[in-house]
Amino acid sequence: MRAGRRAGRVPAAALLAAAMVLPAAGPAAADGEKVRLPVMPARLDAGDPCTGGSKARATAVPWEQQNLQLARTWTFGRGAGVKVAVVDTGVSAQAPTLAGRVSAVGSAGADCVGHGTFVAGLIAAAPAKNVRVAGVAQESRIIAVRGTDERGAATAASVAAGIRAATDAGAKVVQVSPALAADSAGLASAVKYAAAHDALIVAAATPDPARSSPGREPEPPRDYWPASAPGVLSVIDMDARGTRPDGAPATRGADLAAPGDGVVGVGPRGTGHFIGSGASFAAAYAAGTAALVRSAHPELSAAQTAQRLTRTAYPADVPRLDPYAAVTSVPDPVKRTEAVRDDSVVMPPGNGSGGATRRAVWIAVGGGSLALLVAWAALVAPRGRARGWRPAGRRRPVAGTTGD
């Protein structure tokens with residue numbers, strides 16, 4: 001983000017009339033119809049079976065794709081020639097929409113949990129017949145890297161090894177799903193190693209939300225790693241209203257915000273879809289956008305790509321990812337004004353207060369629109385302060401919300 005640009009709120013925007021997909025039996029048949037989608041887990045408990053295929057298919061355009069204007073952005077490129085590493089639970093070679101574009105480091109071509117495959121799909125899933133769910137950079141190539149154990153548990157050592165392996169495999173964008181409560185010398189060294197090899201790390205600013213427990217006190221805002229390390233692009237999740245989801249973990253800072261609540265993606269096998277929530281999915285959208293930028297503008301370094309993503313974002317205390325502007329703007333974008341946008345998607349009222357993952361609700365864009373003011377500044381606490389992305393600076397503070 002250009003120095004001096006003030007933080008603000010997105011002014012009047014259009015509310016796209018949406019068709020809500022509520023928990024209901026049976027697969028999706030057409031745009032706007034109701035369908036139940038299983039929730040993609042971030043981890044599996046001991047004894048849990050591996051995540052199987054989903055029997056439900058989402059055919060409508062998910063709210064997050066509409067919000068990011070991906071159809072408009074794809075006319076300028078789809079990430080060809082860029083390798084994107086996913087440091088997660090692995091990426092299944094059996095996922096049809098990723099077939100032929102996944103290379104695995106070690107055993108990472110198998111994904112028991114399914115989370116890494118879901119993330120890879122948000123980044124690079126190809127369109128399927130009669131389905132409008134697709135990845136951001138559909139022509140990019142995925143490098144599957146195991147940054148957790150087979151059940152999804154991560155440590156600083158496992159994530160550090162994953163980042164180094166991704167860098168050695170030639171990734172120019174490295175998406176990191178785990179968000180750890182503590183840093184380590186090995187993790188800091190791995191981040192520096194990636195930067196030295198011109199690989200941009202895009203990391204989840206907070207862990208994916210755990211199931212809430214009655215009476216459980218919310219944790220105070222804190223830093224998570226490697227997202228808080230110098231040189232890492234830290235991404236927080238937002239919902240369809242443009243605010244932090246209910247029950248989302250709180251962090252003391254982030255560089256970008258992107259859709260991450262009730263997003264739709266592919267599973268480790270089969271042609272069905274899942275739903276998921278968390279900052280790891282927001283980081284996937286930012287990583288996919290970074291792939292678009294590095295494909296369209298190969299002269300840009302990793303740091304310059306990160307600067308481009310933040311400088312072209314919607315103005316706010318935590319700037320909101322804008323793939324179209326990131327790909328199409330001039331190399332040194334001029335200061336963006338607070339203009340009326342027509343692409344904000346807002347959750348219709350009356351949906352309860354629970355998180356989208358717990359409700360298994362996702363928004364499919366329908367026809368028509370209704371003017372509505374969207375207070376993007378509600379994403380952050382009043383103490384939020386805008387800053388340009390720098391390899392070694394403080395991130396914008398982000399307020400969390402309590403769980404149920």
Side-chain angles (χ1 to χ4, degrees), residues 1-2 5-14 16 61-79 122-123 134-137 173 175 200 202 205 233-243 254-261 263 279 281-297 300 304-346 365 374-377 379-380 384 386-389 395-396 398:
M1 182 173 60
R2 176 174 292 221
R5 190 179 74 180
R6 70 179 180 87
R9 61 177 62 182
V10 177
L16 300 177
V61 180
W63 76 266
E64 57 271 20
Q65 288 184 203
Q66 182 71 20
N67 181 271
L68 294 174
Q69 301 186 89
L70 293 184
R72 186 183 181 199
T73 307
W74 289 330
T75 62
F76 296 92
R78 304 194 180 206
L122 297 181
I123 295 170
V136 179
V173 179
Q175 189 276 351
L200 173 61
V202 183
L233 190 68
S234 173
V235 188
I236 202 71
D237 49 326
M238 70 176 190
D239 62 19
R241 295 186 185 94
T243 61
D255 295 310
L256 278 177
D261 186 54
V263 300
F281 304 135
Y285 281 115
T289 302
L292 295 181
V293 171
R294 300 211 76 171
S295 177
H297 305 281
L300 296 180
Q304 289 169 335
T305 300
Q307 289 173 342
R308 190 179 184 93
L309 293 180
T310 56
R311 288 180 177 180
T312 59
Y314 294 101
D317 287 328
V318 179
R320 191 175 64 180
L321 180 69
D322 185 346
Y324 180 79
V327 172
T328 63
S329 66
V330 295
D332 185 18
V334 297
K335 179 178 179 181
R336 303 182 69 191
T337 58
E338 294 183 7
V340 174
R341 307 289 301 196
D342 64 355
D343 50 273
S344 292
V345 177
V346 179
V365 176
V374 181
W376 169 242
L379 173 67
V380 297
R387 67 158 184 86
W389 187 90
R395 289 168 169 77
R396 301 164 184 82
V398 179

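Just so you know, residue 1 is the first one in the sequence shown, and it goes up from there.
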Q: Please report the interatomic distance OH(Tyr324) to CD(Gln69), rounded to the nearest 0.5 Å.
A: 8.0 Å
Q: Work out which heavy atom in Pro323 is nearest to a heavy atom in Thr289; give both atom names and the distance.
A: CG-OG1, 3.5 Å
Q: For the CD1 atom of Ile236 and the CZ atom of Arg320, what is their distance to the nearest 0.5 Å?
A: 15.0 Å
Q: Measure from the side-chain N and O atoms of Trp74 to the backbone N and O of Ala137, and report whether any donor-acceptor pair falls under 3.5 Å.
A: no
Q: Are the side chains of Phe281 and Asp237 in touch, meaning some heavy atoms are under 4.5 Å apart?
A: no
Q: What are the two closest non-hydrogen atoms of Val327 and Ala296, and how far apart are they?
A: CG1-CB, 4.2 Å
Q: Quick one: closest heavy-atom pair of Gln65 and Ala134, and the distance?
A: OE1-N, 2.8 Å
Q: Taking side-chain contact (heavy atoms from CB on, under 4.5 Å) as the criterion, tell me which of Val173, Thr312, Thr305 meets it with Val293.
A: Thr305
Q: What are the two closest non-hydrogen atoms of Ala286 and Leu309, and how far apart are they?
A: O-CD1, 4.1 Å
Q: Measure the spacing between CE of Met238 and CG of Asp261 and express it to the nearest 0.5 Å.
A: 10.0 Å
Q: Which pair of non-hydrogen atoms, one from Ser234 and one from Ala254, has the smallest distance, and what is that distance?
A: OG-CA, 3.7 Å
Q: First locate atom CZ of Arg311, then atom CG of Asp322, and finally report the distance between them rounded to the nearest 0.5 Å.
A: 15.5 Å
Q: For Thr310, run the side-chain contact (heavy atoms from CB on, under 4.5 Å) check against Leu321, Leu233, Val318 and tell me which one passes.
A: Leu233
Q: Can you check whether Arg72's main-chain N or O pairs, donor with acceptor, with Thr75's side chain at less than 3.5 Å?
A: yes
Q: With rounding to the nearest 0.5 Å, note down the distance linking OH in Tyr285 to CG in Leu70.
A: 7.5 Å
Q: Measure across Thr328 and Arg308 and return the closest heavy-atom pair with its distance rounded to 0.1 Å.
A: C-NH2, 4.3 Å
